[in-house]
Amino acid sequence: MADITALEAHFQNTIDQEIKIEPKDWMPDAYRKTLIRQISQHAHSEIVGMLPEGNWITRAPSLRRKVALLAKVQDEAGHGLYLYSACETLGVERNELVEQLHDGRAKYSSIFNYPTLTWADIGVIGWLVDGAAIMNQVPLCRCSYGPYARAMVRVCKEESFHQRQGYEILLTLSKGTEAQRRMLQDAVNRWWWPSLMMFGPNDADSPHTAQSMKWKIKRFTNDELRQKFVDVCVDQAKLLNVTLPDPDLKWNEERGHYDFGEINWDEFWQVVKGHGPCNKERIDTRRRAHEEGAWVREAAMAFAEKQARRRAEESSQVA
Ligand code: 3HC
C-alpha cells in the first residue's frame, strides 16, 4: 500500500511541477481511465462533427466556399485520427473505441445532433461551434498528458481557420439581402444555446471537473470557459448586427463579465442521452460508413502483412 501512495505522490508532484506525463510513465488507473474517456469522446466528436457540415459540401454557394468547407471537413477527420492515436497510447484499441461509439456506450458532443437547415448554419458552426471548440481546446494544449497536449497544438491552429472562414460567411450574409440577414439571425437563434452546452454541465453538476483540474487535464472549469466564450461572442455578434437570443444577456460591471440566462439543462441531457433531433441519423450514418469502409481497412491490413512477410524473408536471407 505504501508503494502506491508514494507512486501517487510522485505522480501528482510531477504534474504540479508542470512536467508532462508520458505513455510509459506510471499513472493512477483513474487518470488513465478519464483520459481514455475524454480523448476518445473528443475524437468521436470530431468524426461525427463532419456529418452536419458534409451535408452542405454539394450545396455551397460558390467554388471558394466549397473549397473552404471541404478543407474544414477533411481537417476534422484528421483531428479525429490524431485524437484516436493519442488515445491508443493509453493502451486501448481503436476498434474498441469505435465500437463504443456505435453501440452508444461512448458520447460525442451534443452539438452535432442538431440539423444544418440553411447555408447560414455552416457559417454559424464555424463562428460558434468551432469558436467554442477553440476556447476549450487551447487550454488542452497545456494538458498534463503529453500526447493529448501535443495533438491539440496542431488541432488549434486548424480550428482558427475553421472559425475565421465561418465568421467570414456570416459577415457576407450580414451585408446581404434582407432574406440573407433573416437566414443569418435564424441560424444564430438555433445554434446559440446548444453552443453554450458544448462546455458541459455547470461545475456544480460536473462529476469530473474537480479531479480533472487537480490532474491538470482541465486548466479551466466548464463555467469559466463558457463565461469567456460568452464575453467574446457578444462583441462579435454586434459586428454581424445579429441579436443573441438571450434577454438576460447584459454586461455586469461588478463581475467584469456578461450575465446570461439559464441553459435548458433538460434539453442538454435529453440530447446527451440520445434523444436529440439527429442522434439516430448521426450514429446510423457512422455505422454505415464504417461497414462500407471495411474493404479499405482490410486492404491496408493485407498490404501491411505482405510488407511484414517481405521484410522477414529479406532479413532471413541476409542472416
Ligand atoms: N455533449 C455530450 N456529452 C457531454 C457534453 C456535451 N456537450 N458535456 C459534457 N458531457 C458529458 C461528459 O462526457 C460526462 O459524461 P461521461 O462521464 O459519460 O463522459 C458528463 O457529461 C459530465 O460532464 P463533465 O463536465 O463532468 O465531463 P468532462 O470533465 O469530461 O467535461 C468536456 C466535458 C468539457 C466536453 C470535456 O470532456 C472536454 O473538454 N473534452 C474535450 C473537448 C471536446 O470533446 N469537445 C467536443 C467538441 S469537439 C469539436 O467541437 C470539434 C470541432 O472541430 C468542431
Side-chain angles (χ1 to χ4, degrees), residues 30 33-54 71-83 86-87 100-101 104-114 116 122 124-143 145 148-149 151-152 154-163 165-166 191 193-226 229 263 265 267-276 279 282:
K33 190 164 170 268
T34 207
L35 278 171
I36 290 173
R37 174 188 63 80
Q38 175 165 329
I39 301 173
S40 63
Q41 293 182 155
H42 194 165
H44 297 332
S45 302
E46 300 282 1
I47 298 300
V48 175
M50 294 163 72
L51 298 175
E53 298 170 308
K72 176 181 188 323
V73 172
Q74 284 170 333
D75 282 349
E76 309 298 10
H79 297 174
L81 298 184
Y82 302 148
L83 288 162
C87 204
Q100 288 170 6
L101 170 67
R105 281 177 289 156
K107 296 181 169 71
Y108 57 91
S109 190
S110 50
I111 192 71
F112 298 121
N113 290 307
Y114 292 84
T116 43
I122 298 304
V124 169
I125 285 177
W127 173 39
L128 295 180
V129 175
D130 289 85
I134 292 170
M135 194 61 82
N136 164 285
Q137 290 172 162
V138 166
L140 284 171
C141 296
R142 292 188 295 121
C143 165
Y145 187 58
Y148 194 21
M152 280 295 106
R154 174 153 177 192
V155 167
C156 287
K157 286 191 170 74
E158 292 172 343
E159 289 299 357
S160 303
F161 146 66
H162 299 171
Q163 203 255 8
Q165 63 86 38
W191 289 89
W193 290 104
S195 298
L196 297 192
M197 296 175 193
M198 286 176 69
F199 294 96
N202 289 130
D203 296 345
D205 302 319
S206 160
H208 299 300
T209 291
Q211 184 60 62
S212 288
M213 291 290 286
K214 188 163 181 292
W215 280 333
K216 296 190 181 177
I217 295 171
K218 285 186 174 181
R219 294 296 188 144
F220 297 97
T221 71
N222 296 359
D223 290 334
E224 286 169 342
L225 288 178
R226 193 177 356 255
F229 178 67
I263 290 171
W265 293 113
E267 176 184 336
F268 170 73
W269 289 114
Q270 276 301 307
V271 176
V272 170
K273 289 186 178 122
H275 311 303
N279 294 59
R282 300 286 185 242

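All of these numbers come straight from a predicted model, not from anything done at the bench. For ligands, and for the atoms within them, numbers begin at 1 and follow the listed sequence.
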Heavy-atom check, side chain of [X] versus side chain of [Y], under 4.5 Å:
X: Ile111; Y: Trp191; result: yes
X: Tyr145; Y: Ile217; result: no
X: Gln38; Y: His208; result: no

Determine, step by step, whether Asp223 and Arg226 satisfy the salt bridge (charged side-chain N to carboxylate O under 4.0 Å, His left out) criterion, reporting the C-alpha distance in whole Å, the side-chain angles of both residues, the deciding distance to 0.1 Å, and the verdict. CA-CA 5 Å; Asp223 290 334; Arg226 193 177 356 255; 3.0 Å; yes

Going by the atom numbers of ligand 1, which of them fall below 4.0 Å from some non-hydrogen atom of [X]?
X: Tyr108; value: 1 (N), 2 (C)
X: Gln41; value: 13 (O), 19 (O)
X: Phe199; value: 34 (C)
X: Lys107; value: 3 (N), 11 (C), 13 (O), 15 (O), 16 (P), 18 (O)
X: Trp269; value: 21 (O)
X: Tyr148; value: 41 (C)
X: Gly200; value: 8 (N), 9 (C)

Under a 3.5 Å distance rule, please check whether [X] uses its side chain to pair with a backbone N or O of [Y] as donor and acceptor.
X: Gln41; Y: Lys107; result: yes
X: Asn222; Y: Asp203; result: no
X: Thr116; Y: Pro52; result: yes
X: Asp205; Y: Asn202; result: no

What protein heavy atom sits nearest [atom], and how far off is it?
atom: atom 46 (C) of ligand 1; value: Ser109 CB, 3.7 Å
atom: atom 52 (C) of ligand 1; value: Glu159 OE2, 3.3 Å
atom: atom 54 (C) of ligand 1; value: Asp130 OD2, 3.5 Å
atom: atom 22 (C) of ligand 1; value: Pro207 CD, 3.7 Å
atom: atom 28 (P) of ligand 1; value: Lys218 NZ, 3.6 Å
atom: atom 35 (C) of ligand 1; value: Met198 O, 4.1 Å
atom: atom 14 (C) of ligand 1; value: His208 CD2, 4.0 Å

Proximity of [X] to ligand 1 by residue part, where a heavy atom lies under 4.0 Å:
X: Gln38; answer: side chain
X: Asn136; answer: side chain
X: His42; answer: both
X: Phe268; answer: side chain
X: Phe220; answer: neither

Any protein heavy atom at under 4.0 Å, with atom 32 (C) of ligand 1 as the reference point? no

If the contact criterion is a heavy-atom separation under 4.0 Å, does Pro201 count as touching ligand 1? yes

Nearest-0.5 Å distance that lies between atom [atom1] in [X] and atom [atom2] in [Y]:
X: Gln137; Y: Met152; atom1: CD; atom2: CE; value: 4.5 Å
X: Phe112; Y: Ile47; atom1: CZ; atom2: CD1; value: 10.5 Å
X: Phe220; Y: Arg142; atom1: CZ; atom2: CZ; value: 5.5 Å
X: Glu53; Y: Lys72; atom1: CD; atom2: NZ; value: 3.5 Å
X: Thr209; Y: Lys218; atom1: OG1; atom2: NZ; value: 3.0 Å

Taking distance alone, with N or O pairs closer than 3.5 Å, would you say [X] contacts ligand 1?
X: Asn222; value: yes
X: Lys72; value: no
X: Met197; value: yes
X: Ser45; value: no

From the options Ala210, Ser110, Ser206, select the one whose nearest heavy atom is closest to atom 1 (N) of ligand 1.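 Comparing heavy atoms across Ala210, Ser110, Ser206, the nearest one to atom 1 (N) of ligand 1 lies in Ser110.
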
Among Arg37, Glu46, Glu76, closest by any non-hydrogen atom to atom 19 (O) of ligand 1: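 It is Arg37 that holds the nearest heavy atom.
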
Looking at Lys157, Glu158, Glu159, which one forms a side chain to side chain contact (heavy atoms under 4.5 Å, CB included) with Val155? Glu159

Can you tell me how the ring of Phe229 sits relative to the ring of Phe199, calling it parallel under 30°, perpendicular over 60° and tilted otherwise?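 Correct class here is tilted.
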
Regarding His162 and Glu76, is there a side-chain donor-to-acceptor distance under 3.5 Å anywhere?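 Per modelled atom types, His162 and Glu76 side chains form a pair under 3.5 Å.
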
